[in-house]
Amino acid sequence: MRITFCSPSARPGPWLEGLRAALPGATVEAWEPGASVADHAVVWTPPQQLFDEQPQLKGIFNLGAGVDALLRLRLPAGAVVVRIDDGGMAVQMAEYVSYWVIRWFREFDAFGAEIARSRWTFRKPLQHADFPVGVMGLGVLGARVARTIAQFDFPVLGWSRTPKDLPGVRNFAGAQQFDEFLAATRILVCLLPLTSETRDIIDARTLGRLQPGGYVINVARGSHVVDQDLIALLDSGHLAGAALDVFRTEPLPAEHPFWNHPKITITPHMSARTLREESIAQIAGKIRALERGEPVAGVVDPNRGY
Ligand SMILES: NC(=O)c1ccc[n+]([C@@H]2O[C@H](COP(=O)([O-])OP(=O)(O)OC[C@H]3O[C@@H](n4cnc5c(N)ncnc54)[C@H](OP(=O)(O)O)[C@@H]3O)[C@@H](O)[C@H]2O)c1
């Protein structure tokens with residue numbers, strides 16, 4: 001069995017060593033133009049040329065949860081596309097979202113500003129009931145986030161394409177229940193995949209339907225958010241703040257207004273990183289299962305877009 005590896009942003013050495021150790025007997029090599037034909041490809045943002053030269057591929061393993069960039073390429077018709085499911089990312093997302101929800105709810109910024117002026121102040125505690133958290137996308141990552149936030153006693157709502165029954169979460173599904181979900185939400189968390197249905201979904205209409213004093217946490221893809229609509233709703237006072245980890249263009253261009261907006265905090269696409277050891281173990285397990293003809297988790301439906 002031959003595996004080709006291509007991730008222009010990663011140092012290939014440790015990945016190749018890890019995959020060789022996890023798949024004894026397999027030939028694992030870094031892809032380069034004209035490389036020998038492989039059975040499976042392990043990739044992150046590969047060039048179109050890889051797939052043009054390797055039409056025989058049986059499996060394409062994406063080194064991340066989001067496959068929007070991969071699905072924009074022309075992929076071999078017979079190849080199954082598999083993404084990382086969780087692989088240590090769910091707990092990172094739960095940490096990132098909890099951090100923001102708690103920072104806003106416990107007013108750490110307001111206390112910090114007083115402490116910076118050497119002032120010992122009292123603030124009346126806020127009520128969990130006034131901070132309902134709505135999670136868009138209840139997949140591997142969104143479900144973990146919803147569960148975690150519910151443990152802090154916040155009311156939690158979830159919205160997905162198909163109906164779910166997550167304990168402790170008020171579940172909404174489909175376009176027909178979207179407005180009801182938004183009206184019950186104050187802190188909106190985006191963990192949707194980027195598809196033709198979800199692009200630009202966080203626009204003026206969506207944001208305007210959130211409860212007043214709302215917040216946005218986008219940890220999915222930058223193209224879910226209409227940047228100028230978010231800024232307008234923050235400036236109007238309808239929204240109180242936003243934490244953004246992902247952007248339409250990354251790195252975020254130096255002149256982009258998000259950098260210096262007083263109500264926006266940005267992070268450089270770090271909310272949930274692909275962890276090498278966990279990912280190698282997961283991919284190796286899935287390659288072995290596919291070779292045995294067994295089903296694997298995390299198979300992408302190209303028509304659905306995730
Ligand atoms: N910032 C980062 O560092 C980072 C890291 C990893 C992932 N991500 C992003 O997080 C996304 C989610 O990852 P995941 O592993 O949780 O994905 P997933 O398991 O595929 O879950 C996707 C969820 O979104 C829902 N959904 C899809 N289309 C929808 C629509 N049109 N309307 C309503 N709900 C819809 C799905 O509904 P159903 O359950 O009904 O199918 C599912 O609940 C990835 O696609 C990626 O873009 C970001």
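Atoms within a ligand are numbered from 1 in the order they appear, just like the ligands themselves.
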Practice item. Tell me which part of Asp86 gets within contact of ligand 1: side chain, backbone, both or neither, using heavy atoms under 4.0 Å. Key: neither
Practice item. Look at atom 21 (O) of ligand 1 and say which protein heavy atom is nearest, naming residue and atom and giving the distance to 0.1 Å. Key: Gly139 CA, 3.1 Å
**Study point:** Any Met136 heavy atom less than 4.0 Å from ligand 1
**Key:** no
Check your understanding: Is it the side chain, the backbone, both or neither of Asp245 that has a heavy atom closer than 4.0 Å to ligand 1?
Key -> side chain
Point to revise | Top protein contact for atom 41 (O) of ligand 1, by heavy-atom distance | key: Tyr306 OH, 2.5 Å
Review point. Side chains of Ser271 and Gln92: does their closest heavy-atom pair fall under 4.5 Å?
Key: no
**Study point:** Sub-3.5 Å N/O-N/O distance, Glu197 and ligand 1
**Key:** yes
Point to revise | Nearest non-hydrogen protein atom, atom 22 (C) of ligand 1 | key: Pro193 CD, 3.6 Å
Exercise for review: Answer with side chain, backbone, both or neither: which part of Met89 has a heavy atom less than 4.0 angstrom from an atom of ligand 1?
Suggested key: side chain
Point to revise | Phe152 ring center near His128 ring center (under 6.0 Å) | key: no
Review point. Using a heavy-atom cut-off of under 4.0 Å, does the side chain or the backbone of Arg221 touch ligand 1, or both, or neither?
Key: side chain
Check your understanding: Got an N/O contact under 3.5 Å between Thr162 and ligand 1?
Key -> yes
Point to revise | Asp85 vs Lys286, salt bridge (charged side-chain N to carboxylate O under 4.0 Å, His left out): CA-CA, chis, key distance, verdict | key: CA-CA 11 Å; Asp85 61 319; Lys286 288 177 176 180; 2.8 Å; yes
For residues 19-26, run the donor-acceptor check on the side chains, cut-off 3.5 Å, and write out each pair with its distance to 0.1 Å, sequence neighbours left out.
residue: Arg20; atom: NE; partner: Val28; partner atom: O; Å: 3.0
residue: Arg20; atom: NH2; partner: Val28; partner atom: O; Å: 2.7

Review point. Who's closest to atom 9 (C) of ligand 1 heavy-atom-wise, of Ala220, Gly222, Gly66?
Key: Ala220
Check your understanding: Judged by atom type as modelled, is there a donor-acceptor pair below 3.5 Å linking the side chain of Asn218 to the main-chain atoms of Leu244?
Key -> no
Check your understanding: Closest non-hydrogen protein atom to atom 37 (O) of ligand 1, residue and atom name please, with distance?
Key -> Arg161 N, 3.2 Å
Review point. Considering only heavy atoms of Met93, which atoms of ligand 1 have at least one such atom less than 4.0 Å away?
Key: 1 (N), 2 (C), 4 (C), 5 (C), 48 (C)
Practice item. May I ask you to list the atoms of ligand 1 that are less than 4.0 angstrom from any heavy atom of Ser271? Key: 1 (N), 2 (C), 3 (O)
**Study point:** For atom 12 (C) of ligand 1, the protein heavy atom that lies nearest, with its residue and separation
**Key:** Leu191 O, 3.4 Å
Review point. With side chains defined as the heavy atoms from C-beta onward, is the minimum distance between Arg83 and Val140 less than 4.5 Å?
Key: yes
**Study point:** Sub-4.5 Å side-chain heavy-atom contact between Asp39 and Leu57
**Key:** no
Tabulate below the donor-acceptor pairs under 3.5 Å that side-chain atoms of residues 178-195 make, not counting sequence neighbours, or state none.
residue: Asp179; atom: OD1; partner: Arg205; partner atom: NH1; Å: 3.1
residue: Asp179; atom: OD1; partner: Arg205; partner atom: NH2; Å: 3.2
residue: Asp179; atom: OD2; partner: Arg205; partner atom: NH2; Å: 2.7
residue: Asp179; atom: OD2; partner: Arg209; partner atom: NE; Å: 3.3
residue: Thr185; atom: OG1; partner: Phe181; partner atom: O; Å: 2.8
residue: Arg186; atom: NE; partner: Gly213; partner atom: O; Å: 2.9
residue: Arg186; atom: NH1; partner: Asp130; partner atom: O; Å: 3.0
residue: Arg186; atom: NH2; partner: Gly213; partner atom: O; Å: 3.4
residue: Thr195; atom: OG1; partner: Glu197; partner atom: N; Å: 3.2
residue: Thr195; atom: OG1; partner: Thr198; partner atom: N; Å: 3.3
residue: Thr195; atom: OG1; partner: Thr198; partner atom: OG1; Å: 3.4

Point to revise | Which of the ligand 1 atoms, numbered from 1, are nearer than 4.0 Å to a heavy atom of Val246 | key: 1 (N)
Check your understanding: In the protein, what heavy atom is nearest to atom 18 (P) of ligand 1, and what distance, to one decimal place, separates them?
Key -> Arg83 NH2, 3.6 Å
Study note, to complete from the structure: Paired with His40, the ring-ring contact (aromatic ring centres under 6.0 Å, His included) test is passed by just one of Phe61, Trp31, Phe5, namely Phe61
Exercise for review: If you have a sec, work out which protein heavy atom is nearest atom 26 (N) of ligand 1 and how many Å separate them, to one decimal?
Suggested key: Leu192 CD2, 3.7 Å
Exercise for review: Measure the shortest side-chain to side-chain distance between Ile3 and Ile287 over non-hydrogen atoms and say whether it is less than 4.5 angstrom.
Suggested key: yes
Point to revise | Any N/O pair Lys164/ligand 1 closer than 3.5 Å | key: yes
Review point. Can you tell which part of His269 has a heavy atom less than 4.0 Å from ligand 1: side chain, backbone, both or neither?
Key: side chain
Practice item. Considering only non-hydrogen protein atoms, determine which one is nearest to atom 14 (P) of ligand 1 and report residue, atom name and distance to 0.1 Å. Key: Leu141 CG, 3.8 Å
Review point. Quick one: does ligand 1 sit under 4.0 Å from the side chain of Met270, the backbone, both or neither, non-hydrogen atoms only?
Key: neither
